[in-house]
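Down below is the structure, laid out as structure tokens.
Index from 1, following the sequence.
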Amino acid sequence: MKKIYIIILSLFCQLSINAQSVYPGQHLDKIKQPLNGEVKAFSFDLKDVRLLDSPFRQNMERESKWILSLGVDRLLHSFRNTAGVYAGREGGYMTIKKLGGWESLDCELRGHSIGHIMSGLAYLYASTGDERYKIKADSLVAGLAEVQDILIENGQKGYISAYPENLINRNIAGKSVWAPWYTLHKVYAGLIDQYLYCDNKEALDIMKKAASWAYQKLMPLSEEQRALMLRNEFGGVNEAFYNLYAITGNPEHKKLAEFFYHADVIDPLAEHKADLYFKHANTFIPKVIGEARNYELHNSERSKDIANFFWNTVIDHQTYCTGGNSHKEKFIHSDSISKNLTGYTQETCNTNNMLKLTRHLFCWDANAKYADYYERALYNHILGQQDPQSGMVAYFLPMLPGAHKVYSTPENSFWCCVGTGFENHAKYGEAIYYHDNNGLYVNLFIPSELTWKEKEIKIKQETAFPEEGNICLTVTTDKDIKMPVYLRYPSWTSNVEVKVNGKKMKIKQSPSGYITIDRTWKNGDKIEVHYPMHLYLTETNDNPDKAAIMYGPLVLAGTMGTEGMKAPAPFSNPELYNDYYTYDYNVPDSMKTGLKLDKKNLEQYIKSVSGNPLTFYVEKENVRLEPIYRIHHQRYVVYWDLLK
């Protein structure tokens, strides 16, 4: 979305996007267009990985209860209402309870959540094989097909949305409107995911008709009209059309993807200009993901360079210790983290989309730095987005000392980060393992089981990580197989110990790399790895005397109780559903924000709590530290003033 005044209460609010990307190596039975960009590592399909019990699986199970609780007719209500078909009224009375928040009938963004939910159901089905998710998704797709058919009968040529086409016309004319192509991207991505993950051919048919409508709508536009339209946020619709082109090979779909090339944003990145200040962060990220797909499909070195430059710029100059970025959804001045510790930092959708971009870059280079970043953002931001009590999710991850997380409501929020949340917690298996033409990458330490069909081998990973640094990989195979296994050597550890079938290996590799074990594997072989974890500080990039306390990849935050916190939780009233930036954290004046520590000898000041993994005390300061992903419903401090 173009640069607009950021008050969520206004209809000019800026958004975030999400939906699964298509990564090299996936959906080979459904992809027609070959990879042309150079790729060193390939993704597994989500269905090849099953999560075992862990906080990740527990998050997934909570999220699945929420997504299943939302009735199909309620989700389709706004689409049917707009199309003039049955919308839940009988005998003069409304029989369908309407959704609130950003899905209310007076919200121009209505309909975006059904796209996220179609994607979330697709990932849940792929991740578990549970038919409940496919059955519900099939009902949603069938309902959308009914709506689209009615609209086609009325002359709208494949248009499908929960709002009238006039919103698109307003966008083309440069009139005030709340990001209609952003919402269409959600629906398009959800339909594509339904085809790719659930083999729903009706979803692909809807998407093809929608693309035909878009092609007829957009191609007659002048360059001036196109440029004016692209000033409004359009999410990742460019990526969606690239993904559709990869499936169909239809040159019209490629041309649609290229139509959404936003020169005002992308051209400066191509020239390595990094003036991101006050740019809406998550308007940028999906456009760059589209460039990543362009590189993979067409070997555009320019697109590859844009993606690499952008990623490094954001990580090096805009990113907090937790892996997130932005203040009030905008990029900050480069290297100014300490000056932007507010209650509105780190929009969750930004982090999710940076993880998507990171996955593409890892596939190209197989560089462990991408996995290091992915792990940090996954544990410290995404995993902790969800409230374990209610299953609701947070919009921001505040860095204001003494702030706390603020969660959505089951039926009256539907913010962009709620939509993201339906997907975040359904696809944790996506980045644990990768492969090249010969061997297996183990990037994340999450209890799981991988089935690698082409190699006729299974790998079971058992671990209590991050509560301890030990992992065990067990091989199951009917025949001996020679291949290398690449174990990530994280940047946060040293002196890693590896045993194969009880025999200790000599390790020559260094942190932020890979330990290669190349041998013939037999059924029952075991790899045991110990990753030592230690305390260290991560200083802000503009002030060495303000720092966060880390343990392994985890950010440890000081727990600060509930003094002055409001009850009941904010935003339970539908009329306040997006009044986020007016929220007052009301931090007590007595809140402790400084610590006296020895940077070179943290263990002298910070002691672990016996029998309580990942809990520490700064003894002389009487401060309790826990991983930020485990802190809910209380205040916390992440960045501390280091006192002399």
Side-chain angles (χ1 to χ4, degrees), residues 5-10 13-14 16 101 281 320-330 332 336-351 380-381 384-390 392-409 412-413 415-418 421 540 543 546-549 555-595 621 623-641:
Y5 303 105
I6 262 207
I7 299 176
I8 290 186
L9 191 57
S10 112
C13 170
Q14 294 176 316
S16 313
Y320 296 85
C321 60
T322 50
N325 62 68
S326 76
H327 157 69
K328 291 189 176 181
E329 302 188 3
K330 301 287 187 70
I332 61 178
S336 62
I337 292 293
S338 73
K339 301 178 183 66
N340 289 277
L341 302 179
T342 75
Y344 316 109
T345 51
Q346 303 180 96
E347 182 187 0
T348 305
C349 295
N350 287 2
T351 301
N380 296 302
H381 195 167
Q385 182 206 18
Q386 186 192 89
D387 172 21
Q389 293 183 22
S390 66
M392 299 299 102
V393 296
Y395 198 130
F396 295 115
L397 180 56
M399 289 290 100
L400 175 71
H404 55 85
K405 299 173 185 176
V406 178
Y407 305 102
S408 60
T409 57
N412 290 311
S413 300
W415 312 317
C416 52
C417 295
V418 171
T540 59
N543 183 354
K546 191 178 287 287
I549 300 169
V555 173
L556 300 179
T559 57
M560 293 294 162
T562 60
E563 181 185 350
M565 284 178 60
K566 296 179 181 180
F571 319 130
S572 57
N573 185 336
E575 295 181 359
L576 301 178
Y577 62 84
N578 57 6
D579 192 12
Y580 214 129
Y581 293 156
T582 65
Y583 181 65
D584 181 8
Y585 286 95
N586 192 28
V587 178
D589 293 337
S590 60
M591 183 66 59
K592 189 175 188 64
T593 60
L595 293 176
E621 307 281 0
V623 169
R624 178 186 176 96
L625 300 172
E626 290 191 29
I628 193 169
Y629 81 81
R630 297 201 317 199
I631 299 177
H632 300 274
H633 299 286
Q634 65 172 309
R635 301 182 185 278
Y636 56 81
V637 176
V638 169
Y639 281 105
W640 303 89
D641 293 315

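- Take N340 and apply the side chain to side chain donor-acceptor pair (under 3.5 Å) test, not counting sequence neighbours, and it matches S336.
- Using a 4.5 Å heavy-atom cutoff, the side chains of Y320 and T351 are not in contact.
- Residues K546 and D641 share a closest heavy-atom pair of NZ-OD1, 2.5 Å.
- Scanning all heavy atoms of the two residues, the minimum distance from K592 to V623 falls at CD-CG2, 3.6 Å.
- By the 4.5 Å heavy-atom criterion applied to side chains, K328 and F396 are not counted as neighbours.
- Classified by interplanar angle (parallel below 30°, tilted 30° to 60°, perpendicular above 60°), the ring pair Y407/H633 is tilted.
- Between the side chains of N412 and T409, not a single donor N or O lies within less than 3.5 Å of an accepting N or O.
- Partners of Q385 according to the side chain to side chain donor-acceptor pair (under 3.5 Å) rule, which considers only residues two or more places apart in sequence or in another chain, are N424, H425.
- For the pair Q634 and G561, the tightest heavy-atom approach, listed with the atom from each and the gap, is OE1-N, 3.3 Å.
- Annotation: side chain of K405 is not in contact with side chain of D387 (no heavy-atom distance under 4.5 Å).
- Taking the six-membered ring where the residue is Trp, H327 and Y344 present tilted rings, their angle falling between 30° and 60°.
- At least one side-chain heavy atom of S408 sits less than 4.5 Å from a side-chain heavy atom of W415.
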